[in-house]
Amino acid sequence: MAAWWVLPAAYALDRLLGDPRWLPHPVIGMGKAIAAVEALLRRLCKPRHYRAAGLLLPLTVVGGSFVLTWAVLYLLAQVSPWLSAAAEAIVIWTTIAYRGLRDAGMEVCAQLRKGDLPAARRSLSMIVGRDTEHLDESEIARGAVETVAENIVDAIVSPLFFALIGGAPLAIAYRAVNTLDSMVGYKNDRYINLGWASARLDDAANFIPARLTALLLFLAAWLLGLDVKETIRAVRRDAPKHPSPNSGYPEAAVAGALGIQLGGENSYHGVTSFRAHMGEKTRELNREDIPRTVRLMFFVTNTVVLLGTLITVWMTGGWHWIS
């Protein structure tokens, strides 16, 4: 269990600095490691063995990320526990992305407020995988809202959840799981066998945080005077319809809280697909739903940090540092 101040310090660093380009990000190293391990497995294994080889990707990348982080922190602790705790806060900071997600969503909103649809489409294309070239204002706003809502789990709640129960090593391990899924967790001819274990592990890792996020969004909706009953109803009715076992929970909760409908037709590389609707359409979705979603994310993030800090204080007996 980390020092009680590590979690709020990591969050403060993210709020203050975001994701500065001058800081080497662990995800870059993870991406290179994943590419190297994938290339090695494809060179050493025959295609009929890819499914079994798929187990080695999370074992090596996730396991290696955990062990390396633990070893570095252990060595720093031999020098000074304070140095190790400070390093832990920095590592956890790199696993969360509240400010980056907020800024990306608000950048899209800012372009829409100026009426610059081409710029809004370009900004949206930086954070979504769908085609954005021909989207109108409502569809651009929908894309931003869905991305912010979905990533409340991946970018905030999950890394903080794992940091709470396993410190920086487990938070980094989660980020490795998430990076693996984004690189190889696809159901296409290239990755259906080699990436299956990585995709399943990502689903398992986000299972509890996604449902915890829905509960926190109920609380946020209540605190903000939004429709709590519809938030609960949308999650119960619509979340299981989402193709992801986890992403439907934050999306449905946000849709219910705001009284909007998410989902519908999306185009990926020119191919149109339909995603189940989340929430009841009580009004037209508009650009101001982006900052409304960011506000919900703000409440969820601060609640997680506060609860995590209180739990850590209780577990470590750190009350005397506060009183």
Side-chain angles (χ1 to χ4, degrees), residues 14-23 25 27-28 96-156 182 217 220-221 224-227 234 242 244 247-248 250-302:
D14 179 68
R15 290 294 302 271
L16 182 64
L17 300 174
D19 184 17
R21 295 184 178 181
W22 52 262
L23 182 70
H25 203 285
V27 170
I28 297 175
I96 57 179
Y98 167 83
R99 177 169 169 172
L101 192 54
R102 179 200 68 186
D103 290 352
M106 293 307 297
E107 173 65 21
V108 175
C109 182
Q111 300 297 346
L112 290 177
R113 285 171 174 169
K114 292 190 296 185
D116 192 343
L117 289 185
R121 292 176 185 127
R122 288 193 296 272
S123 296
L124 181 64
S125 70
M126 301 298 291
I127 57 175
V128 300
R130 70 191 67 174
D131 301 332
T132 63
E133 293 86 354
H134 306 293
L135 298 182
D136 61 18
E137 179 171 332
S138 179
E139 285 297 293
I140 294 170
R142 176 170 74 87
V145 168
E146 288 176 348
T147 297
V148 172
E150 178 181 352
N151 281 286
I152 295 174
V153 178
D154 291 357
I156 300 167
S182 68
L217 283 167
L224 291 171
L226 300 174
D227 194 336
H242 199 283
S244 164
S247 297
E251 286 191 28
V254 167
L258 299 182
I260 58 176
Q261 189 173 75
L262 300 176
E265 288 190 350
N266 297 322
S267 175
Y268 298 91
H269 306 293
V271 179
T272 300
S273 64
F274 178 81
R275 180 164 292 179
H277 286 128
M278 304 278 123
E280 289 287 343
K281 185 178 181 180
T282 63
R283 60 176 179 80
E284 291 296 327
L285 191 153
N286 62 72
R287 65 194 180 202
E288 296 307 315
D289 286 309
I290 302 173
R292 294 184 185 112
T293 305
V294 169
R295 198 171 299 120
L296 285 167
M297 177 179 67
F298 172 82
F299 273 82
V300 169
T301 306
N302 282 275

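Along the sequence shown, residues carry numbers from 1. Every value quoted in this text rests on a predicted model; they were computed, and no experiment measured them.
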Pairwise distance [atom1]([X]) to [atom2]([Y]) - rounded to 0.5 angstrom:
X	Y	atom1	atom2	result
Glu150	Met278	CD	CE	11.0 Å
Thr132	Asn266	OG1	CG	11.5 Å
His277	Ile260	NE2	CD1	12.0 Å
Glu107	Met126	CD	CE	10.5 Å
Ile156	Asn151	CD1	CG	8.5 Å
Arg102	Asp14	CZ	CG	8.5 Å

Between [X] and [Y] (salt bridge meaning N to carboxylate O under 4.0 Å), is one present in this structure?
X	Y	answer
Asp116	Arg122	no
Glu133	Arg121	no
Arg142	Glu146	yes

List the atom of [X], the atom of [Y], and the distance in Å for their closest heavy-atom pair.
X	Y	value
Pro20	Leu17	CD-O, 3.6 Å
Tyr268	Gly129	CD2-O, 3.6 Å
Thr293	Ala149	CG2-N, 4.1 Å
Ser123	Gln111	OG-CG, 4.0 Å
Gly105	Val148	CA-CG2, 4.3 Å
Ala255	Gly279	CB-CA, 4.0 Å

Looking at [Y], is its backbone amide N or carbonyl O close enough to the side chain of [X] to form a donor-acceptor pair, meaning the two atoms are under 3.5 Å apart?
X	Y	answer
Asp136	Glu139	yes
Arg130	Glu265	no
Arg287	Leu112	yes

Glu288: which of Asn286, Ile290, Leu285 passes side-chain contact (heavy atoms from CB on, under 4.5 Å): Asn286
Candidates Thr301, Ile152, Leu217 - the one meeting side-chain contact (heavy atoms from CB on, under 4.5 Å) with Leu296: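 Considering Thr301, Ile152, Leu217, a side-chain contact (heavy atoms from CB on, under 4.5 Å) with Leu296 is found only for Leu217.
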Step-by-step side chain to side chain contact (heavy atoms under 4.5 Å, CB included) determination, Asp19 to Arg99: CA-CA 8 Å; Asp19 184 17; Arg99 177 169 169 172; over 6 Å; no
Min side-chain heavy-atom separation [X]-[Y] under 4.5 Å:
X	Y	result
Glu280	Asp227	no
Leu135	Leu124	yes
Phe298	Asn302	yes
Leu258	Arg283	yes
Pro291	Met106	yes

